[in-house]
*Asks:* 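My questions will all concern the structure given below.
These numbers were taken from a predicted model, which means no experiment stands behind them.
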Amino acid sequence: MSQERVLDVRGLEPPEPLEKVLDAVATLQPGERVRMIHHREPCLLYPLLSKRGFNHLAEAKSEDHHEILIWRKGDAAAAPYGLQE
Amino acid sequence: MKLEAGLSFSQAPPILVPFRFFLSAPLFGLLAALLALWYGPSLMESRWQPSVLALTHLMTLGFLGMAMVGAMMQMLPVVAGSPVAHPVGVARAVHVLLLPGVVLLAGGFLLGAHWPMRIAMFLLGTGFTVFVVAVGLSLKRASSDNPTVVGMRYAVSALVVTVALGLTLASNYGWDWWLIERVRLTNLHLTWGLLGWVGLLVAGVSYQVVPMFQLTPSYPKLLTRWLTTALFVLLLLWSVVYWLPEGAQVQVILAVSLAAAVIFTVFAIVTLRLQLRRRRKQSDVTLLFWRFGMVCLLLALALGVAGQVIPVLDRVQGDNIALGFLFIAGFAVSVVNGMLYKIVPFLIWFHLQSLLMGVARVPNMKLIMPEPGMRRQMWLHFAAVPALALSALWPPLIYPAALLFGASMVLLEVNLLNAFRIYQQNAKLAPKGEPSST
């Protein structure tokens, strides 16, 4: 069963949301993923994550509510259902 | 839901793509200030003088053009999800063509000589063609649901009209042919350039950057959906009516101009109100630059409308020059300057994050672009703009105004270069084999 850490970065000034999430994913344990909640879609985060060996799945709940799931590549236990590699 | 595992670093062009433009922009502002110091109060005699034309183009093509071309190449992938193809080559070509092009154009005006004008036409025409084709292809791919993309499409179309009219007018200087409609073509050229390219781009880009960097609520949907389209249609309408015989057109021109002024006023007031509702309450330099810019836009609109409604005012010596200073230096330069102070440190932070992964800690944004330096430059600019506008009424004021504007531009260049130096110093720590952005 995967563990989820919720990180709400709404209302933070750039690049704080990116700083916070990069710090958080660096300490992910096996089977653990981050659910980032942001007021906009952080397009520039994705290449930074990919380069560091993380996968992500973005979902827009509304125009100012985006949720991004982030997990380490190859960590099947942390990946959302259906996205295990 | 969407999975974007395929998103690569090509989404973010190398740092020199926007920076070669950003670092060049203040140098043109400085040239404009030096020119104003050299020509002094004589600038206020008429807006048709070669010195005023050179000054205007150093500010618009030089400062604004450089910053806006750079910002657009940077923003297209992030905002529109559609990067410019071959960004490094395109940026290099456009920069290498526009840079001497602007200098020769200003030189051509000042010297009244044919050859600099002819070469400038070739350089600027080619440079803008490369830019418009590259950016146009990227905008064509982008989604039309995004109001910023729509605003950018109109802005680029307005740029095409501006450049085409500009080249026609320049050919008049380059070959001395008899251009009977010079006054009307000039008014069309500057309206498409200032209200179209500058106004539409600022509006379209604001929808993204004001909420993103100033942490305000989003612009109202109704406004983002209609504002740039309405302005573009008004510009088209105005251009057509402008060719009707005099007498028939006066009332229509007045109505269309008033409608455009109302739309820009709505944009300025909505922006100011959104800024009052921002999440973070402390003021910062960018916020102050934008507020100052919006107030100058409102003043310029008031002056423009007053000139239309009370024709006597339009003939007051220097009235158009005050309006030009308020719109160009007060509105456009301020918002561009304010945005540079967010985009530049953010991009440096972003590129270092990518280069220094696991090697060294990336400096904080506040260290990359320290607040005191930005504030000093901001105050110089805030002093320069009213002085420039008032020098239209009292011409000797142009000397302190130009000194303040020049000092502000020097300090802006120093601030940008210091930040870029931090990037270069830190980029050296990157592991070998990392693609260097410089």
*Asks:* Is it the side chain or the backbone of A:Leu49 that comes within 4.5 Å of chain B heavy atoms, both, or neither?
*Replies:*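 Contact with chain B involves no heavy atom of A:Leu49 at all.
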*Asks:* If you count the non-hydrogen atoms of other residues, nucleotides and ligands that lie under 6.0 Å from CZ in B:Arg279, is the total more than 12?
*Replies:* yes
*Asks:* Name all residues meeting the side-chain contact (heavy atoms from CB on, under 4.5 Å) criterion together with B:Ser138; count only those two or more places apart in sequence or in a different chain, and write none if there are none.
*Replies:* B:Leu76, B:Ser82, B:Val84, B:Arg141
*Asks:* In residues 62-69 of chain A, which residues are in contact with chain B at a heavy-atom separation under 4.5 Å?
*Replies:* A:Glu63
*Asks:* Over all heavy atoms of both residues, which pair between A:Leu18 and B:Phe346 is shortest? Give the atoms and the distance, please.
*Replies:* CD1-CZ, 4.2 Å
*Asks:* Which residue pairs pass the side-chain hydrogen bond (donor to acceptor under 3.5 Å, both in side chains) test with at least one member in residues 365-375 of chain B, sequence neighbours excluded?
*Replies:* B:Glu371-B:Arg375
*Asks:* How close do B:Phe350 and A:Leu44 get, heavy atom to heavy atom, and via which atoms?
*Replies:*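 Scanning both residues, the minimum pair turns out to be CE1-O, 3.1 Å.
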*Asks:* Please name the pair of heavy atoms, one in A:Pro15 and one in B:Met365, separated by the smallest distance, quoted to 0.1 Å.
*Replies:* CD-CG, 3.4 Å
*Asks:* Using side-chain hydrogen bond (donor to acceptor under 3.5 Å, both in side chains) as the criterion, list what pairs up with B:Trp349, not counting sequence neighbours.
*Replies:*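 Counting only residues at least two positions away or on another chain, B:Trp349 forms a side-chain hydrogen bond (donor to acceptor under 3.5 Å, both in side chains) with A:Glu19.
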*Asks:* Kindly compute the distance separating CZ (A:Arg52) from OG (B:Ser354), expressed to the nearest 0.5 Å.
*Replies:* 7.5 Å
*Asks:* With salt bridge (Lys or Arg N to Asp or Glu O under 4.0 Å) as the test, would you mind laying out the steps for A:Glu13 and B:Arg278 before giving the verdict?
*Replies:* CA-CA 11 Å; A:Glu13 194 176 349; B:Arg278 68 195 186 278; over 6 Å; no
